[in-house]
Each structure stands twice: as C-alpha cells, then as structure tokens.
**Q** 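Questions regarding the structure given below will be posed in turn.
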Amino acid sequence: MIDVEDLIALVRNYNPRTNADLIRQAYAYGMKMHEGQMRKSGEPYFTHPVAVAAILTEQMLDDATIVTALLHDTIEDTKSTYTEVERLFGHEIAELVDGVTKLTNLQLSSGAAEQADNFRKLFMAMSKDLRVILVKLADRLHNMRTIKSMSPEKQARKSRETMDIFAPLAGRMGMQWMREELEDLGFRVLNPEARNSIIRRFLTLQKESGDVVHQITADIRTELERGKIEADVYGRAKKPFSIWRKMQEKDLAFSRLSDIYGFRIICQDMGDCYRILGLIHQRWRAVPGRFKDYISQPKTNGYRSIHTSVSGRDGKRVEVQIRTREMHEVAEAGVAAHWAYREGVRAKNPFAVDPGKWIAQLTERLNEGDHDEFMENVKLEM
Ligand code: MN
C-alpha cells in the first residue's frame, strides 16, 4: 500500500503548496475507520481508497478531491457520518464524500435502452460538483483493475455496468485514456476470446509487415522535417475493444479492417496544426468524409483537434489527429483539466471548459426536453 508520505509526494509533484497535514489527517482517519475490513483479495480495505487517491494524483487534482478519495467509502461502509466528516474536514469535503456515497447508491441499470435514464441520473448527481464523478470514475477504475478477486457473476455484472455506463461517461467527459482502460478491462472479462484473437492478429500482422507504427511515424517525421515544423509524433495500434466494435458495426473481418492504427501529432501552436494538415494531405491521399476540424468547431467538453484519415503504406488507411500541447492536455483530461494543478497553481489551460457551465448546459437541455432528445443532444455535443 502506498504510505501517506508517498501519496503526499505524488501530490507535491504537481502541487508543491498542497495541504499535507489535511492529507495526513484524512489518511489516518480513513485507515482507522476501515480498520479490520478486508477486500475480496484479502488485502486491508484501506488499500482501495488510497489507490483511488493515487489515480487522481495522475490527473493532478486538487486537495479536496484527493482527500475525498481517501474518505469516499467511509460514510457508506463504516460508522463515520456526514456530520463527523464535516466537523473534521469541512463542508466542501463532506459534500463531496456525500455525493460519492449517493452516486454509489444510485440505481443504475445496465443496457443500452436505459442509458438515457442513467445519464440523466448521473448528470443530475454531478450537477452540484463534477469532482464527485471524477472520484467515482477513479473508484470504478481501481475496482476494475482488481476485479479478478470477485466471483465470476459479480465480475460479469460489474463489467457490463462499466461498458454501458462508466466507460461512455468517461468518454463524454473527454477522458479518453480512462474510457479506453475501462473498456479494455471490461472487454477482458466479458469476451476474452475476442480480445485475445485481436491481440494475436496484431502479432501476426507485425510478423508479416514489420513494425508498421514505427515506419509510418518515421514517414510523418520526414514530412515534418521537410516542412521545418517541430512536433512530436506518436503512433499506436487501436485498442482491441475499439477494433472489435468496428468489426461488429461494419460486419467486417479483421483482415478487411482499415484504420487500425492511429497517429497523433502534437505541435506548438494552432497555425502549425493547419500547416501540418497541409503537409499530410500533400503527401498522402485523404480519405473522403473523414476530415473533421474540432479546432474551429470544438466540442463542448473542450476537445480540440484536427482529425483526418489518409491512405498510407499499402493503401491502408490510418487516422491522424493533429493538435497543440494545450489542446492535447484537454483531450486527455477532459473536463478534469479545469482542476488540474501545475507547480502549485491551477494550470490555466485556455481550452479547459468550465465544468459548472458545461453541466449547466447539459442539465438545462435535460430539464427541457424528453430523454431521447436529451441523448441526441448529448451525442451531438460529444
Ligand atoms: Mn470505493
């Protein structure tokens, strides 16, 4: 288990002015409250809230969120109460912990048909403070990472819920890495055969055509050098679940899928984004209908990027995303970018959306119209 000083060190990395005593106090309180409780894995229960707090340090979140993570199961699972948490840690943290508890008790139903209703409930729950959802998502992520010690039935149920509710929610909030990891963990439980077969296919492909990602990355770098633009290029194979989803949607065999590799070009400023797009389209043929400019038309969760698909080597399509460093931060952190700290101050990313306004927009629609319309709007917005 991460001890309290290690946890504080993780926070200090991005927030040197953290209130270390508050974290020490919450750590000691949580440990005392959960004393004697065990996880299914046999570990002390408190390892879980600590791991959730550690996940949130990766998102560089503020002290209130980290402390809430440490306390998130106390009101629900121990003799601790709202009043006591409020007396010890103040109103803000008590409200956050209470919000997470209420969310845990929310009856969410699995299944696409109920999705609109689930999202309505979730959006209502987070309309007060979005940090409640950030803690809940980190909670779910840690539970999914450690799902192997649960019974097979519970593994299946939790995985379906993750696929139907939490992964899409992370996506909607603009947290792509979280969405992908949740999907992968759920997919691993629900359809290990499909996941393994896709992974095997990638290995075969790599044997046949070599390291395609490396080759295309090098090709893109050559073009950037030719255009005298400085940028970082990252390439990767798409995740098994997104490949599998595409195979289902388009009813295609793996061998006929294109677009299995994605590339990201991260550059200095907006002007470079468009210059790079020019270089890419001059060098490779653009695939019709695949160009999207989310820089001039950002998504409401703050996402900005240029997307295009081009025919690369062997006529295989690859997807290319082009954005600046600041846009990239928002693309990874989503609405959480608003709370992120850098060197002790709120990292004022000009592209981060105000979570309050974002939620207000969504819930306004939700209160106005019927659910179908709400879902349509949410989908369009995202
Ligand atoms: Mn928990």
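As the structure lists them, so they are numbered: ligands from 1, and atoms in each ligand from 1.
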**Q** Taking only protein atoms, how many N, O or S atoms are found under 2.8 Å from the Mn ion (ligand 1)?
**A** 4
**Q** Decide if the gap between the ring center of F291 and the ring center of H307 is smaller than 6.0 angstrom.
**A** no
**Q** Using the side chain to side chain donor-acceptor pair (under 3.5 Å) rule, take N143 and R39 through it: C-alpha gap first, then chi angles, then the decisive distance, then the call.
**A** CA-CA 10 Å; N143 284 332; R39 301 200 86 207; 2.8 Å; yes
**Q** Would a single hydrophobic cluster contain both L7 and Y14, if residues Ile, Leu, Val, Met, Phe, Trp and Tyr are joined by side-chain heavy-atom contacts under 4.5 Å?
**A** yes
**Q** Could you check whether K32 makes a cation-pi contact with Y29, meaning its NZ or CZ is under 6.0 Å from the centre of the six-membered ring and within 45° of the ring axis?
**A** no
**Q** Are V85 and L22 connected in a single hydrophobic cluster, I mean Ile/Leu/Val/Met/Phe/Trp/Tyr linked by side-chain heavy atoms less than 4.5 Å apart?
**A** yes
**Q** Has K238 got its NZ or CZ under 6.0 Å from the middle of the six-membered ring of Y261, at an angle within 45 degrees of the ring axis?
**A** no
